Amino acid sequence: MTILQWFIFFLVIQVIHYLATWKLYEKAGRKSWEAAIPIYNAIVLMKIIDRPTWWTALLFIPIINIIMFGVIWVEIAKAFGKKENTQAIIAVATLGFYTFYLNYLDKDLRYTANKNQKVKDNFVSSLLFAVVVATFVHTYFIQPFTIPTSSLEKTLLVGDFLFVSKFHYGARNPMTTVAVPMVHDTIPVINTKSYSKWPQLPYFRLPGISKLERNDIAVFNWPVDTVRFFGDKKSVGIRKPIDKKSNYVKRTVGVPGDQFKIKDGIIFINDQELKFPDRTKLQYSYTLKTDGSQLDGNYLINELKITDPAGYITKDSMYFAALTDETVEKIKQIPAVKSVKRYINRNPDPSIFPYTNVWNADQIGPIYIPEAGKSVELNKETLPFYKQIITDYEGNTLTEFGSEIRVNGKPTNTYTFKYDYYYMMGDNRHNSEDSRYWGFVPETHIVGKPIFIWMSIDSNPNLKLFDKMRWERFFTTVSGEGKPTSYFSYFIVLLVAYLGYDFYRGRKKKRDERKRYE
């Protein structure tokens, strides 16, 4: 939406508010014109419903304000004597039009001053405000995620439940302003779209406490994501808003300004091999040659933890898609194994970005990773790298007339980037759909930093529930040096101590109350 469209939308909301409440303002001892002044009317309304003035700010925070409208509708009804849960439900179910009824049709309406000192909050009001708090934390501080795929296997496991920090790289404002709180793009159970594409806010990010660096694991919205249908198999694709695109988690291997290259599966940044933290568990594909003896499957699965099935097995050779260096060294010690060779792809792959059919997953680059404010030359050779940035991510028009390139209708041979961009890859190098296949990740798509694994469940259907729990991964940090340490036992001790204290405090409160009545 343009600024003018937002201004008109804001004015429409103000007109609706005035029409729905001006008589109520008068009944509360205020002037009717006070219901018509933007922002001031909200401050006055907080006094009428006996709520803190800072609640006014919540009405201007995207997503949160949608829930706050429900809270305010309920609070207005309570302020004028409609204190029952059923009346609160009506206020929310009618999307606030119950306020019109109170304003114009309820002849017996009476304003109850200082109501919150006399009447406890009803269930609906308390529930709505609890959702407001949870949504605020979920949107601007910490959000739970789960790992659905094996692209970062060994570092993060399928079934890991993460807490992702929004404040490390700066919380991004919700661009989709009308959406069901605390769900992503689909409402569970009914499997329908959870948001409205209109109205949309421009990209904005609060200041963070750190920058996204090389080797950081990051959660981001998959840049090229579209969804085929929401229950409608006839639709051919829906362009999602940025913040409703699917969430991915990968390792940042290239940052703005880098010259990025992959040679024989090894990453080079500015012609220097990229070094990884010691917790990183890179995996590659390997071919095993044996003396013809069959390897012990139980040993491979139970001792070496090789869970990915072999791509092929012959009399004297095997292929594995995802082995770490540590596992390879152990395999070399098996007497029947004669050689272990890492698979390196040397054949052109047309699915590799920028789809010029000259690279593959093990041989890429060099590629310049765009940096905000920096310019690149535009020509037939460079345009495939940056065309998607110019049109999709930065909202320009681009046309080609022979050798001439026009951006927003003007001929040019250079382009200056508006945003920073990143190159993301999975540690499971031959089983990861990442930037090698769809290109750069714009800063606008960055969601946050995984900081904590609070639970981890093995998806193996043959295990019993208790055995599925990876207890050693409960309450472990994602980043850091050395072997991850579980803080689960400390959490249990603190939880028991808190519950014990809460029980003691409750008993003490009851004893004190009995003494007052004796």
Side-chain angles (χ1 to χ4, degrees), residues 1-6 169-170 172-173 175 197-205 211-212 214 220-226 237 239-243 245 252-262 268-271 348-359 363-425 434-446:
M1 291 180 69
T2 65
I3 294 177
L4 177 60
Q5 289 172 326
W6 268 110
Y169 306 136
R172 181 185 62 186
N173 69 289
M175 287 163 268
K197 286 177 141 184
W198 188 91
Q200 287 279 308
L201 283 175
Y203 166 72
F204 172 75
R205 189 180 294 275
K211 291 183 65 176
L212 180 54
R214 285 188 215 100
F220 57 93
N221 297 117
W222 187 26
V224 295
D225 183 32
T226 59
R239 297 292 294 182
K240 295 183 183 178
I242 291 173
D243 53 342
K245 293 181 179 182
T252 308
V253 293
V255 298
D258 281 348
Q259 285 287 345
F260 177 88
K261 181 170 66 175
I262 302 178
F268 293 84
I269 302 295
N270 304 324
D271 293 324
D349 182 350
S351 68
I352 294 296
F353 177 83
Y355 321 117
T356 51
N357 201 23
V358 295
W359 293 337
Q363 319 289 340
I364 291 177
I367 297 176
Y368 171 72
I369 301 177
E371 182 179 3
K374 297 297 178 67
S375 300
V376 292
E377 183 179 354
L378 291 185
N379 52 48
K380 291 292 185 182
E381 288 71 36
T382 62
L383 190 58
F385 292 93
Y386 308 117
K387 184 175 183 178
Q388 190 173 39
I389 288 177
I390 295 170
T391 57
D392 292 356
Y393 304 153
E394 300 197 354
N396 302 288
T397 61
L398 186 146
T399 53
E400 298 176 68
F401 296 92
S403 61
E404 183 182 77
I405 297 172
R406 295 183 180 182
V407 176
N408 297 326
K410 298 180 180 179
T412 183
N413 58 6
T414 62
Y415 182 77
T416 302
F417 298 104
K418 181 179 179 181
Y419 300 121
D420 284 331
Y421 292 83
Y422 301 87
Y423 205 92
M424 304 288 192
M425 287 177 59
D434 49 40
S435 285
R436 292 173 293 180
Y437 297 91
W438 35 255
F440 309 110
V441 176
E443 66 172 78
T444 56
H445 289 57
I446 301 299

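Just so you know, these numbers use all the heavy atoms, side chains as well, and skip hydrogens, waters and symmetry mates. We're numbering straight along the sequence, starting at 1. Model, not experiment: these values are computed from the prediction.
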Please report the closest heavy-atom contact between [X] and [Y], naming both atoms and the distance.
X	Y	result
Asp271	Lys261	OD1-NZ, 3.9 Å
Asn357	Asp349	OD1-C, 3.9 Å
Pro366	Trp359	O-CH2, 4.2 Å
Lys418	Ala372	O-CB, 3.7 Å
Asp420	Pro256	CB-CG, 3.4 Å
Leu398	Lys387	CD2-CE, 4.3 Å

- NZ or CZ of Arg205 within 45° of Tyr169 ring axis and under 6.0 Å: no

- Verify side-chain contact (heavy atoms from CB on, under 4.5 Å) between Ser351 and Tyr437, making sure each step is shown before the conclusion. CA-CA 6 Å; Ser351 68; Tyr437 297 91; 3.8 Å; yes

Heavy-atom side-chain contact between [X] and [Y] under 4.5 Å:
X	Y	result
Ile367	Phe440	yes
Thr382	Val376	no
Asp258	Asn270	yes
Met425	Ile262	yes

- Task: Compute the centroid of each ring, for Phe417 and then for Tyr415, and state whether the two points are separated by less than 6.0 Å.
- Result: yes

- Task: Please confirm whether His445 and Tyr393 have ring centers closer than 6.0 angstrom.
- Result: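 Yes, close enough.
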
- Can you sort out the partners of Phe260 under ring pair (Phe, Tyr, Trp, His ring centres under 6.0 Å), two or more places apart, ordered by chain and number? Tyr423

- Any chance the side chains of Glu443 and Tyr203 put a donor and an acceptor closer than 3.5 Å?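 Looking only at side-chain atoms, Tyr203 and Glu443 do form a donor-acceptor pair, the distance falling under 3.5 Å.
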
- Query: Can you name the one residue among Thr444, Val255, Val441, Ile389 that meets side-chain contact (heavy atoms from CB on, under 4.5 Å) with Tyr421?
  - Reply: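 Passing option: Ile389.
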
- Query: For Pro223, does its backbone N or O pair with a side-chain atom of Lys245 as donor and acceptor, under 3.5 Å?
  - Reply: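 Flag set: sc Lys245 to bb Pro223 pair under 3.5 Å.
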
- Message: Quick one: does any side-chain atom of Asn396 pair with a main-chain N or O of Asn408 as donor and acceptor, under 3.5 Å?
- Response: no

- Task: Go through the structure and list residues passing side chain to side chain donor-acceptor pair (under 3.5 Å) with Asn173, not counting sequence neighbours.
- Result: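 Testing Asn173 for side chain to side chain donor-acceptor pair (under 3.5 Å), a comparison that skips the adjacent residues, returns none.
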
- Message: According to side chain to side chain donor-acceptor pair (under 3.5 Å), who are the partners of Asp392, at least two apart in sequence or on a separate chain?
- Response: none

- Message: Quick one, Glu404 with Arg406, criterion side-chain contact (heavy atoms from CB on, under 4.5 Å). Give me CA distance, side-chain angles, the key distance, then yes/no.
- Response: CA-CA 7 Å; Glu404 183 182 77; Arg406 295 183 180 182; 2.7 Å; yes

- Can you list the steps and then say if Asp434 with Arg436 is a side-chain contact (heavy atoms from CB on, under 4.5 Å)? CA-CA 5 Å; Asp434 49 40; Arg436 292 173 293 180; 2.9 Å; yes

- Task: Go through the steps for Phe385 and Tyr368 under the test ring-ring contact (aromatic ring centres under 6.0 Å, His included), then give the verdict.
- Result: CA-CA 9 Å; Phe385 292 93; Tyr368 171 72; over 10 Å; no

- Item | Nearest-0.5 Å distance, CD1 of residue Ile352 to CD1 of residue Ile364 |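 If we round to the nearest 0.5 Å, Ile352:CD1 and Ile364:CD1 are 5.0 Å apart.
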
- Query: In Å and rounded to the nearest 0.5 Å, what is the CG to CD distance from Leu383 to Glu381?
  - Reply: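 Separation between the atoms: 10.0 Å.
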
- Query: Yes or no on side-chain contact (heavy atoms from CB on, under 4.5 Å) for Met424 and Thr252, after CA distance, side-chain angles and deciding distance?
  - Reply: CA-CA 5 Å; Met424 304 288 192; Thr252 308; 3.3 Å; yes

